Amino acid sequence: MSEAALETCRGSTTDRPYRMKDLCELSGLPRQAIHFYIQQGLVPPGTKTGRNMAWYGPEHVERLRLVRKLQHERFLPLKAIKALLDGREDRFTGRQQAFLRDVKRELRSTLARGSDSSRTLVDATALVRDGDVAPEEIERLAELGVLGAVVREDGTVRVADDDLWILQDFVRMRAAGFTRELGFVVDDLVFYVRVVDSLLERDARLLSERLSDLPPGVAARMIERAVPIFHEFLVRYHASRVRDFFSTIETADGKEGKP
């Protein structure tokens with residue numbers, strides 16, 4: 001047996017049984033795309049057993065499918081996908097991941113999108129134009145992972161239907177006077193995105209740690225009831241803190257403002 005054949009036999013293991021051609025078939029992606037994803041750090045490299053031979057496992061197939069889903073269904077650019085994936089690593093134990101998957105299956109559509117259906121794009125060109133929003137701002141929102149959207153070469157803007165409210169709120173902020181001329185830009189939203197992402201991370205950890213002994217259906221119903229309460233608390237507490245802030249500001253006569 002040749003040395004190359006021996007290397008091939010030694011490289012194939014039970015945990016990484018796939019060659020590149022297998023990876024292409026299982027993920028539905030061409031070889032060039034997979035190599036590019038590995039080069040960009042979106043997918044971990046395989047176990048090399050020779051100059052042109054590497055072996056891959058189920059985790060590579062799962063990651064490739066996720067990247068493809070985020071790119072083609074969530075309309076996220078690769079930069080935003082990498083940032084998202086980097087934040088996912090080692091967040092939950094295997095038991096917690098299994099529990100969260102079971103809870104997801106029990107959640108109603110209001111909280112869990114179906115995994116098989118692509119998002120629908122709607123034409124938002126008029127909203128962008130009339131709302132004084134530049135196409136490059138839409139591209140930046142998409143790059144940041146805030147908004148699922150594409151700006152086509154002909155200037156038309158298409159936004160994921162369930163993200164349209166984000167664009168509408170951004171237009172409302174512009175109409176309220178928070179303009180580019182005053183220095184208000186898309187990147188100002190990053191702070192709020194990070195706050196919400198951090199809050200969600202904490203919520204998911206707390207729920208997976210404290211509810212994991214409950215039946216998934218019971219945990220799902222608790223979450224569905226609690227989410228609107230948490231949302232109301234956040235909105236009202238933020239408004240309360242804004243009032244508290246201005247109550248500490250002295251007025252022109254030297255007295256503190258009334259709460």
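Everything numeric here is computed off the predicted structure, so don't read it as measured data. Start at 1 with the first residue, then count along the sequence.
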Next on the checklist: Could you walk me through whether Glu137 and Arg140 satisfy the salt bridge (charged side-chain N to carboxylate O under 4.0 Å, His left out) test, starting with their C-alpha distance in whole Å, then the side-chain angles of each, then the deciding distance to 0.1 Å, before giving a yes or no?
Outcome noted: CA-CA 5 Å; Glu137 290 181 304; Arg140 181 58 177 160; over 6 Å; no
Next on the checklist: Counting C-beta onward and ignoring hydrogens, is there a side-chain heavy-atom pair between Leu121 and Asp161 closer than 4.5 Å?
Outcome noted: no
Checklist entry - Does the side-chain contact (heavy atoms from CB on, under 4.5 Å) test come out yes or no for Leu144 and Leu189, once each step is laid out? => result CA-CA 9 Å; Leu144 293 170; Leu189 295 175; 6.0 Å; no
Next on the checklist: With a 4.5 Å cut-off on side-chain heavy-atom distances among I, L, V, M, F, W and Y, is there a chain of contacts connecting Phe170 to Val196?
Outcome noted: no
Checklist entry - Going hydrophobic residue to hydrophobic residue with side-chain gaps under 4.5 angstrom, can you get from Ile138 over to Val193? => result yes
Next on the checklist: Would you say Ser212 and Arg95 are linked by a side-chain donor-acceptor pair, where the criterion is simply a distance under 3.5 Å?
Outcome noted: yes
Next on the checklist: Working to the nearest 0.5 angstrom, can you tell me the gap between Arg243 CZ and Arg241 CZ?
Outcome noted: 11.0 Å
Item to check | Arg205/Glu201 under salt bridge (charged side-chain N to carboxylate O under 4.0 Å, His left out): CA gap, chis, key distance, verdict | outcome: CA-CA 6 Å; Arg205 283 190 176 277; Glu201 177 77 15; 3.4 Å; yes
Next on the checklist: Nearest 0.5 Å, please: how far is CD in Glu139 from CG in Leu147?
Outcome noted: 11.5 Å
Checklist entry - Taking it one step at a time, do Arg221 and Glu224 satisfy salt bridge (charged side-chain N to carboxylate O under 4.0 Å, His left out)? => result CA-CA 5 Å; Arg221 300 294 86 79; Glu224 288 170 343; 2.8 Å; yes
Next on the checklist: If I take atom CD from residue Gln96 and atom CD from residue Glu209, how far apart are they, to the nearest 0.5 angstrom?
Outcome noted: 5.5 Å
Item to check | Step-by-step side-chain contact (heavy atoms from CB on, under 4.5 Å) determination, Leu26 to His60 | outcome: CA-CA 10 Å; Leu26 292 169; His60 291 88; over 6 Å; no
Checklist entry - Looking at side-chain heavy atoms only, is the closest gap between Trp55 and Arg19 below 4.5 Å? => result yes
Item to check | Ring centroid separation Phe184 to Phe178 under 6.0 Å | outcome: yes
Checklist entry - Hey, mind stepping through Arg225 and Ile229 against side-chain contact (heavy atoms from CB on, under 4.5 Å) and telling me if it holds? => result CA-CA 7 Å; Arg225 294 178 62 184; Ile229 299 173; 5.7 Å; no
Checklist entry - Do side-chain atoms of His35 reach the backbone of Pro30 as a donor and acceptor pair under 3.5 angstrom? => result no
Item to check | Nearest heavy atoms of Pro216 and Glu106, plus distance in Å | outcome: C-CG, 3.9 Å
Checklist entry - Hey, any chance Ile38 and Leu64 share a hydrophobic cluster, counting ILVMFWY side chains that come within less than 4.5 Å of each other, even indirectly? => result yes
Checklist entry - Can you tell me if Asp163 uses its side chain to pair, donor with acceptor, with the backbone of Ala160 under 3.5 Å? => result no
Item to check | Non-hydrogen side-chain atoms of Leu199 and Leu234 separated by less than 4.5 Å | outcome: yes
Checklist outcome for this item: What one should report as the nearest heavy-atom pair of Pro58 and Asp15 is CD-O, 3.5 Å
Checklist entry - Which value, rounded to the nearest 0.5 Å, describes the distance between Ile34 atom CD1 and Leu23 atom CG? => result 4.5 Å
Item to check | Cluster overlap Trp165 with Val171, hydrophobic side-chain contacts below 4.5 Å | outcome: yes
Checklist entry - Mind checking whether Tyr237 and Phe233 have parallel, tilted or perpendicular rings, split at 30° and 60°? => result parallel
Next on the checklist: Looking at every non-hydrogen atom in both residues, tell me the closest pair between Asp22 and Pro17 and how far apart they are.
Outcome noted: OD2-O, 4.2 Å
Checklist entry - Taking side chain as C-beta onward, heavy atoms only, is Val151 less than 4.5 Å from Thr156? => result no
Checklist outcome for this item: What one should report as the nearest heavy-atom pair of Arg174 and Val133 is NH1-CA, 4.2 Å
Next on the checklist: Quick one, Gln168 with Leu127, criterion side-chain contact (heavy atoms from CB on, under 4.5 Å). Give me CA distance, side-chain angles, the key distance, then yes/no.
Outcome noted: CA-CA 8 Å; Gln168 292 169 333; Leu127 179 62; 3.8 Å; yes
Item to check | Heavy-atom side-chain contact between Arg180 and Asp132 under 4.5 Å | outcome: yes
Checklist outcome for this item: Between Val159 and Ala124 the two heavy atoms that sit nearest each other are CG2-CB, 3.8 Å
Checklist entry - When rounded to the nearest 0.5 angstrom, what is the spacing between OG in Ser240 and CZ in Phe245? => result 14.0 Å
Next on the checklist: If you define the side chain from C-beta out and look only at heavy atoms, does anything of Thr125 sit under 4.5 Å from Arg129?
Outcome noted: yes
Next on the checklist: Does either side chain, that of Tyr37 or that of Gln32, offer a donor lying less than 3.5 Å from an acceptor on the other one?
Outcome noted: no
Checklist entry - Given side chains that start at C-beta, do those of Leu42 and Leu78 come closer than 4.5 Å, heavy atoms only? => result yes
Checklist entry - How many angstroms lie between atom CG of Leu66 and atom CD1 of Ile81, to the nearest 0.5 angstrom? => result 8.0 Å
Item to check | Closest non-hydrogen atom pair, Leu29 against Arg68 | outcome: CD2-CD, 3.9 Å
Next on the checklist: salt bridge (charged side-chain N to carboxylate O under 4.0 Å, His left out), that's the test. Do Arg236 and Glu232 meet it? Break it down for me.
Outcome noted: CA-CA 6 Å; Arg236 297 181 69 173; Glu232 181 181 1; 3.1 Å; yes
Checklist entry - Would you find more than 12 non-hydrogen atoms of other residues, nucleotides or ligands less than 6.0 Å from Glu153 atom CD? => result no
Item to check | Hydrophobic cluster membership, Leu100 vs Leu214, 4.5 Å side-chain cutoff | outcome: yes
Next on the checklist: For a 4.5 angstrom cut-off between non-hydrogen side-chain atoms, does Val61 reach Tyr18?
Outcome noted: yes
Checklist entry - Is it the case that Thr47 and Arg16 place a side-chain donor and acceptor less than 3.5 Å from each other? => result yes
